[in-house]
Structure formats: structure tokens, C-alpha cells
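Data block below; observations after.
Keep in mind that what you see is a predicted model, and the values were worked out from it rather than measured.
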Amino acid sequence: MSHDQGSTTSLSSLDGLGQLLPRLAARWSDRIALVTDERTLTFGELDRLAARAAHGLRARGVRPGDRVALMSQNRWEWIVSYHGALRSGAVVNPLNVMLTGDELAYILADSGARILMASRDCLQATAPNVASLATLERSICFDGALGGAEGFEALLDDAPAAPFDPVPVSPDSLACIAYTSGTTGHPKGAMQSQQSLVLNCAYTASMHLRTEHDVVLTALPSAHVYGNVVLNSTFMAGGRVVLMRRFDPAESLARIESHRATLFEGVPAMYATMLASPAVATTDLSSLTRSTVGGQTIARSVIEAWERRTGRPLIELWGMTELSGLGSTHALHAPAVHGSIGVSLPGNELKVVDVEDISVECGPDRPGELLARGPLVTMGYFNNPEATRETITADGWLRTGDVATHDGAGRFFVVDRLKDLILTGGYNVYPAEIERVLIGHPAVALVAVGREPHEVKGEVAHAYVVPTGERPTVEELLAYCRERLAAYKVPRAIHFVDDLPTTSSGKLMRRMLRQPVVPQRPDARASRA
């Protein structure tokens, strides 16, 4: 991966993503790269804006290795800042917009961030918590000057129009510190190398056959590893990204049609709610050539329904913050195996081991913990060597915290998260298995399953259901489960709700289900992307 300054077309020699936009601008300067609600940018324009951002950061004292934190919903300023910071040699600290003030203050202090670049709403919500942080020297607001925060346009306007050559970096140097969201204790900062970011985007683009003709619609948060890989792998291929600030099912369907999107990328709940939307019956989805889904397990019934509606494959994938994005997926033209997360990305390894003794590898169809190894694996947790030792073995295997099986032919199948396992009367019950059954009922739009304490069985499963329209009866859904699940897996109760708690990326948050209180369990060793 040595840097080739003479090449304007080859992207294979990138040492870091900070070098990406200059290469793309040299090759496709006038091609549209990014479409947002506020602005449409070509590769040339995106490159020049990132150069101005890099100049502005350098003028404000940012030097290679300094941490720059980014916090906002999807917008062009976030992407310009991300690439500008990497170009300047800084380390990016992408922040979840759902962080509380206390969580944000902890992360900024732990990472040692010098600059926070954020939207007005994020700054207003968290200002009291970060105002006294010793490490934070400056805040920059994407929506104009705010109190003591400088406006983003001022940062760009102060910069010279001259190019900003990317600071040379080593492929194994630190590029990003992405903090995982734990259920207990403080978040952990997964250190992502320059190489892991570049390789993940390159492998994703290759496996899904992205090209310069693609128009990719996404509402996945840019700060999330899945959203980040969607953005930069599409750019890497010369494709166009249509970026929604937030996900909305009817609006997503409308934009697939109006932008003639060739690829939609999302989490399971996005597909379930689009399929439940009345607009799905009348929207023209013929431009789609494939879609991708990741973040959580998805029911085969949802995959099959989306594929029937679009006539194109829905490609499953799996990934983690600790892998800088994807760890496995299917190649576009490989045989479809619904329910499988696919095969390991090139140059990386996956295996399933016994939960109690990770030195014992599991044979086909036997559940165990999924482990990953290779150049995508995190460099460790920032300022947390103990968590690093607990998560990464001496020989480089990352303990993912996912329960999985394999078929003996290289394909893997995620069962659920270890931390979400429900122990009921001595039996293991995985919430995802119940969710996959219930989402197949025509009256169920969304479903999540959580645990409840029980005097006799220890724990039992409770299901929380968002109906599609007319509410089914509890007995109807329980009977549906009894036909498809072993008796001990049938939920003890079903609760009808108007909505379900989700993360900023749209994943279901089982730990936030309450009826009346769901006891929390310690977080898994690593957080899933």
C-alpha cells in the first residue's frame, strides 16, 4: 500500500482515506459525488472543500495525530470535515448524535480531542458538559457562530484557495477512534488504522461490484462504521451518494424513485418499515440492482418480501466498529443463502469457537462465539489496555460477542448477541429467533424481544410488537409462535407498542425495552457495527 504520487487513476496504493478525494478529483472532477438536501457536490468540489477545511484546521493549530471530534446528523459539512481532518493528518473521533452530555464529555476527555465540529443542536444540547474540558480548545458550529463556537463557513473562508497535499501517513498508523456504546460502564474507543479503513472500503466496493454508474441512497449515520463504509466505498468506485439526513420509510421510497437509485443500504428495521408503508405498492423501484442489509439479524421473510418487490437481491452483511466496518458479506453474483452473513472479506479470517473454551473450534451447525482476525481488526481500545486484552487474544483473534454457526463451506450465520441470551428454565433462548418468526406475521411491522425476570424460570422472553395496521390479538400471535417455535421459546407475553427504541443507525435497542423494567446485563466484549 505504498503511496504513489504519480498515479491519478489507481486507488489501490492509498495509505489512508485522507488521500482519497485528491485521487478522485483528478479522475472524475466534474462527476457528481454527493447529493444532500442542501447541496450537490462534484468530486472536484468535495476535494476543494476538504482542502479548505484542512487548511482551516492547520491554521487553528491542528497537527498530525491531534484528535478532531465530529458530531451531527448526516450533512455535507460532516463529510468535508472528516476528509479535511484526515488530510491534515489528524485522528477523527466520530460521535453518535444520541450521546448524552455526560457521555460526550467523557469521550472528548478520554480521546483528548482538541476540536469539536458539530451542528447547532448538538452543541446546544451538550454545551454545559463540555465547556470546562481542559483538552477541548475550540468548537466549530456547522450552522454558523454560536456563543463561543466559531462558524464552519469562517473556517472555510479563512483558508487559502491553494491545494492541501495530504499529510503522508503510515498504513498501520491511527486514523480514527470510534467509541462503542456500552450498556454499562464507559464507552470504549476502538482504534482504527489507516489500512483498516481503506481496505474495508475497497473490499466492500469489490464484493458488491460498485461502479461509477451507481447511485447509492443511504440514511445510515456517517459517524457509524456501516454508514462510513457505504459513503467512502461508493466514492472509491466513482459512484454517487444520495445522503438523507434521517431515515423515513416513505421518503426513502420516494428518493429511490426520483434519483433512480441503483443501491439502497440499511438496517433490518428500515426494510421492514418500507415494506409496511402504503407507498411501497406504487413506488417505481425498478432502478435498484441490489440492496444491502446489516447491523442486526434479519428475518428471511423480510428479505424475501423485499426481493419479490424489487426483483433484485438483498445482500446480507455483518460488521463491527472493531473491524472498521464489514467483516463478512456475499459477493453480488454468488449463490444467495438467505440467513447467512456470507463469507469473510478477502485477507481476513472468521471462525466459531466454544463459548466456554475458545481454544475449541466448533464444527458445522454448532453455535459458538464468532471470532475474527486480520488487517481489519482494531489496534485496540484507546487508553484501555485491559479491555484490549479481554477482547483480542494473544494470537490476534477478536472476540466479537456474537453467537454464530458455520456451514463448513465458508459461510457464517449469526444467531444473536451473547449479551442478549435469555436463560429460561435452563434453556438458551435467543431473541433474534423469536423476532424472525414474529416479523413473518402479516400484521407485524416491527418487533423486538427482551428479557423479564421470572420467579421460577429465572428469565422469560417478552415480545414488543408494532402492528402494521389493524391490531392482531395476543392469542393469534402466540399461536403463530407455537406453530414455529419450541414451547420454551414462545414469548411469555406480547405487548403492543407504537414504536420501538432504536440507535442512531436504526438498530433495535433491546436493553431499552421496559415492561415495566428490564434488568441490564453486562455489555458484551465488543460492540457490533
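- Salt bridge status for R312 with E307: absent, with no side-chain N to carboxylate O gap under 4.0 Å.
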Handout entry: Intermediate values then yes/no, side chain to side chain donor-acceptor pair (under 3.5 Å), T292 and E265
Key = CA-CA 5 Å; T292 73; E265 314 216 38; 2.6 Å; yes
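- Cation-pi contact between R484 and Y480: present, with separation from the ring centre below 6.0 Å and deviation from the ring axis of at most 45°.
- The one candidate from T391, L370, V414 that meets the side chain to side chain contact (heavy atoms under 4.5 Å, CB included) condition with T400 is L370.
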Practice task
Kindly indicate, with the supporting measurements, whether the criterion side-chain contact (heavy atoms from CB on, under 4.5 Å) is fulfilled by H186 and Y179.
Solution key: CA-CA 10 Å; H186 289 303; Y179 280 77; over 6 Å; no
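- Note: L323 CG to L350 CG = 8.0 Å, rounded to the nearest 0.5 Å.
- Within the 3.5 Å criterion, the main-chain N or O of G374 finds no donor-acceptor partner in the side chain of E349.
- Within the 4.5 Å cutoff, no side-chain heavy atoms of I422 are placed close to those of V460.
- Among all heavy-atom pairs drawn from L220 and G227, the shortest one is CB-CA, 3.7 Å.
- With hydrogens and angles left out, the side-chain atoms of S233 and R210 include a donor and acceptor closer than 3.5 Å.
- The environment of E475 atom CD is dense: over 12 non-hydrogen atoms of other residues, nucleotides or ligands sit within 6.0 angstrom.
- Side-chain atoms of N74 come within 3.5 Å of backbone N or O of M244 as a donor-acceptor pair.
- Side-chain contact between V215 and V242 is present, with heavy atoms from C-beta onward closer than 4.5 Å.
- For the pair V225 and S324, the minimum side-chain heavy-atom distance is 4.5 Å or more.
- From L217, atom CG reaches atom CZ of R240 across 12.5 Å, with rounding to the nearest 0.5 Å.
- Ion pair D354/R366 flagged as a salt bridge, since at least one NZ, NE, NH1 or NH2 atom sits closer than 4.0 Å to an Asp/Glu carboxylate oxygen.
- For the atom pair T393 OG1 and L398 CG, the distance stands at 9.0 Å (nearest 0.5 Å).
- Side-chain contact between V267 and V293 is absent, with no heavy-atom pair separated by less than 4.5 Å.
- Rounding to the nearest 0.5 Å places OG of S328 at 8.0 Å from CZ of F412.
- In terms of heavy-atom proximity, A445 sits nearest to A276 at CB-CB, 4.1 Å.
- L345 places a side-chain heavy atom less than 4.5 Å from the side chain of M207.
- Side chains of T180 and K188 form a contact here, defined as non-hydrogen atoms less than 4.5 Å apart.
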Problem - Working for salt bridge (charged side-chain N to carboxylate O under 4.0 Å, His left out), residues K489 and E433 - result: CA-CA 9 Å; K489 298 178 183 179; E433 186 176 3; 2.9 Å; yes
Handout entry: Trace of the side chain to side chain donor-acceptor pair (under 3.5 Å) decision for H441 with E476
Key = CA-CA 10 Å; H441 192 285; E476 178 184 348; 3.0 Å; yes
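- Between D365 and H406, the side chains place no donor N or O within less than 3.5 Å of an acceptor N or O (distance only, hydrogens not considered).
- Formation of a donor-acceptor pair under 3.5 Å by the R373 side chain with backbone atoms of D395 is found in this model.
- E103 and T100 share a side-chain donor-acceptor pair at under 3.5 Å.
- Side chain of T273 to main chain of M270: a donor-acceptor pair is present (N/O by atom type, distance under 3.5 Å, no hydrogens or angles).
- When atom types are taken as modelled, the side chain of Q192 and the backbone of E322 share no donor-acceptor pair closer than 3.5 angstrom.
- No side-chain donor-acceptor contact under 3.5 Å links S277 to the backbone of P249.
- Judged purely by distance below 3.5 Å, without hydrogens or angles, the side chains of S170 and D172 pair a donor atom with an acceptor atom.
- Using a 4.5 Å heavy-atom threshold, the side chains of I303 and I298 count as touching.
- T289 OG1 to H213 NE2: the interatomic distance, rounded to the nearest 0.5 Å, is 12.0 Å.
- Residues P313 and L332 have side chains in contact (heavy-atom distance under 4.5 Å, counting atoms from C-beta outward).
- Tested against S222 for a side chain to side chain contact (heavy atoms under 4.5 Å, CB included), the candidates V230, N228, L70, L231 yield a single pass: L231.
- With hydrogens and angles ignored, the 3.5 Å screen pairs a side-chain donor or acceptor of N93 with a backbone N or O of I177.
- A donor-acceptor distance shorter than 3.5 angstrom exists from the side chain of R290 to the backbone of L209, with no hydrogens or angles considered.
- Residues F382 and M191 share a closest heavy-atom pair of CD1-SD, 3.7 Å.
- Between F264 and W306, the ring planes lie tilted relative to each other; the angle falls in the 30° to 60° range.
- Within the model, atoms CD1 of I341 and CD of E316 stand 9.0 Å from one another, a figure rounded to the nearest 0.5 Å.
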Practice task
Evaluate side-chain contact (heavy atoms from CB on, under 4.5 Å) for S193 paired with L174, printing each intermediate quantity in order.
Solution key: CA-CA 5 Å; S193 69; L174 180 61; over 6 Å; no
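- Nearest approach of L326 to L376, heavy atoms of both residues: O-CD1, 3.6 Å.
- Side chain of D214 to backbone of V216: no donor-acceptor contact under 3.5 angstrom is found.
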Handout entry: Derivation of the side-chain contact (heavy atoms from CB on, under 4.5 Å) call for L423 and L421
Key = CA-CA 6 Å; L423 296 173; L421 173 67; 3.9 Å; yes
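- Checking side-chain atoms of T262 against main-chain N and O of L288 turns up no donor-acceptor pair under 3.5 Å.
- Residues Q195 and P375 share a closest heavy-atom pair of NE2-CB, 3.6 Å.
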Handout entry: Verdict with reasoning, L20 to H83, per side-chain contact (heavy atoms from CB on, under 4.5 Å)
Key = CA-CA 8 Å; L20 178 61; H83 280 277; 4.3 Å; yes
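- For the pair Y464 and E452, the tightest heavy-atom approach, listed with the atom from each and the gap, is OH-OE2, 3.6 Å.
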